[in-house]
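What follows is a single structure, written as structure tokens, with notes after it.
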Amino acid sequence: MPDFPVRLWCGYFLGAGTPLYLDIDLAGNNPVSLDPAIAAIAAPGFIATLDAAYLSTACTIGWPIRGFFRLNFVPIAPGAAPLPPAFRGGSVFGAVAIGLAQAVTRAEPSCLRYAVRPLRSVLESVRLDHVAVSADYAPNVESFAPVGCIADKLDSFFLPSLPERPAVCVVAMQQDLNARCGQAVNPPPQMDPFRFTPTNQRGFLPVLRAYDAVDALLKLWEAQSKTLANVL
Amino acid sequence: MKAAVHLVVEFVNTALFLLSATVYGPSAVLATSLVSWWFVSDYYFARWSWWTWWMDRFAFMASTLVVLLAFAAGTRWRLHRIARGLAPQYEDYRGSPASAELPLRAWYEHLGSIATFRHGLWARYWTWRQSRLAGLSDSGAFVDAGSLATLWWPRWAGIGAWSIAALFPVLWIVLLLTPLHTNAMEHVAAWASIKDPEISAVRCTGRVGNPGDAVDEPLQRESRGFYRNGVCLYVAVGAFQTTASDFPRVYRHVVVQCLNRCTVAAGPGAKPVYQLSVACVGGKASFEWTHPEPDPRSGLGMAVMVARQDNAPLASVLIEP
């Protein structure tokens with residue numbers, strides 16, 4: 001399993017839900033930089049979200065002395081859901097924070113803060129490539145906050161043209177799964193807080209509620225341990 | 001094929017866990033080894049037609065392996081049942097959890113996490129699996145889930161488990177080298193018995209006349225021995241079935257001796273003999289005899305003795321002395 005890029009899923013909404021891969025690679029000259037194509041269409045608010053994720057990661061996890069990470073957002077189904085014309089808002093905070101936590105641990109485990117050092121194996125080894133994250137930043141409590149338009153974002157993971165679906169979606173603890181911005185025909189009411197049913201009714205998406213990046217990683221780790229207990 | 005190998009590996013690991021990390025595992029194997037060895041050594045198995053000598057030697061190992069296998073199967077079933085109940089709602093390792101590749105230290109942490117999900121046997125098993133990895137030095141090496149189970153087998157980390165498991169083959173070799181049929185049970189039975197062993201009944205079977213009416217009647221017991229008193233008196237070639245005390249159900253034998261006026265058949269087509277030893281299973285023994293002159297006035301003159309495996313006599317009677 002290669003260490004880099006660290007890849008996870010995120011949903012973005014600007015007029016229409018867009019499923020994206022977030023790739024975090026070791027590159028660039030700044031602690032956190034964006035791929036030039038994304039940087040060209042990123043709004044200042046979006047850059048501020050990335051900075052918040054960087055600071056949050058540096059404060060809770062640690063940061064390598066020469067830790068330069070480049071973020072890229074790649075459309076999963078370019079034909080059906082191409083890259084949005086602009087990047088705004090803060091709903092990718094959760095994905096960036098979780099991805100950076102793993103990237104930092106993989107890049108330089110010795111830089112981990114004392115409190116999270118026992119979690120090294122968890123942070124570096126949790127499988128994220130089938131995990132979607134949609135969570136904003138709550139600066140006053142340094143944790144995940146609910147995002148808007150979540151139903152549109154999660155609906156985008158059920159586009160028929162997608163080669164696969166995420167296994168689970170991480171959201172904030174207080175996230176209301178019914179929040180919708182776009183138009184949808186007879187959207188199903190989301191009654192189960194741990195399961196999202198898409199508008200096209202093609203299956204469901206398990207929902208993992210977490211307080212912050214470390215909490216999400218630990219919960220994912222526990223779930224993966226349970227899966228592995230069945231095959232070991 | 002891969003699934004079969006996986007199953008065998010899991011059984012070996014479970015057996016090693018039972019033997020090296022639990023009390024009841026080695027206790028059950030030790031008890032089964034000793035009891036079944038003692039059974040074949042002193043009680044003996046019935047001499048069925050398909051039973052051959054080497055079965056007496058090795059049956060105790062087979063029964064021990066069956067017990068160990070049953071314990072391992074039961075343990076695996078319990079672990080499997082718990083694991084199925086733990087399966088999460090979502091599957092992050094979709095498609096390939098069995099081929100997941102992680103650093104050794106991550107596996108160590110995963111096994112530690114798994115051990116915390118339940119108490120009791122589950123926790124002990126996974127803690128044991130985790131501790132097998134603790135002794136491996138290359139903690140950063142990437143290992144896939146499939147090879148995790150056997151990774152520690154040829155390393156120092158496995159020495160303890162293998163050593164304890166190896167004690168049982170050593171015990172088996174010792175038991176194999178120990179002489180069988182020690183008569184210890186005979187001594188115990190003689191010490192514990194209220195009644196002395198005896199030959200309590202003799203039954204006569206055969207044919208008389210031409211074409212030959214079947215005869216099946218008991219011999220009459222008198223102070224000097226057993227006597228034929230019915231149609232059996234006229235039987236020239238017959239058989240006796242003796243009934244002796246049948247506890248303990250050990251493999252004794254009956255020694256038949258024709259003193260002067262009869263012979264006994266050593267087997268089909270064999271030359272008649274004057275002395276014969278026949279198996280006594282469950283207290284019963286049968287042998288054929290020939291009386292050259294079926295004259296009621298001339299008795300058979302036969303002595304029958306029940307003896308232990310070492311030929312020590314237990315009881316004897318005379319038939320028409």
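Just so it is clear, the values below take in all heavy atoms, side chains as well, and ignore hydrogens, waters and symmetry mates. Residue numbers begin at 1 in each chain, while the letters A, B, ... track the order of the sequences.
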[X], [atom1]: over 12 other non-hydrogen atoms inside 6.0 angstrom:
X	atom1	result
B:Leu177	CG	yes
A:Arg117	CZ	yes
A:Tyr114	OH	no
A:Tyr21	OH	yes
B:Arg81	CZ	no

Quick check for you: to the nearest 0.5 Å, what is the distance between [X] atom [atom1] and [Y] atom [atom2]?
X	Y	atom1	atom2	answer
A:Leu232	B:Asn13	CG	CG	10.5 Å
B:Leu86	A:Leu228	CG	CG	12.0 Å
A:Ser125	B:His110	OG	NE2	6.5 Å

(message) Please classify the contact between A:Leu205 and chain B as side chain, backbone, both or neither, with a heavy-atom cut-off of under 4.5 Å.
(response)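 Neither the backbone nor the side chain of A:Leu205 comes within 4.5 Å of chain B.
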(request) Please name the pair of heavy atoms, one in A:Ser121 and one in B:Arg105, separated by the smallest distance, quoted to 0.1 Å. (result)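 In terms of heavy atoms, the two residues are closest at OG-O, 3.4 Å.
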(request) Would you mind checking which part of B:Ala87 comes under 4.5 Å of any heavy atom in chain A, side chain (CB onward), backbone (N, CA, C, O), both or neither? (result)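 Contact with chain A is through both the backbone and side chain of B:Ala87.
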(message) Is B:Leu111 close to chain A through its backbone or its side chain, or both, or neither, when contacts mean heavy atoms under 4.5 Å?
(response)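 For B:Leu111, the contact with chain A is made by the side chain alone.
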(message) Any heavy-atom pair between the side chains of A:Trp221 and B:Ser113 that's under 4.5 Å?
(response)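 A side-chain contact under 4.5 Å exists here.
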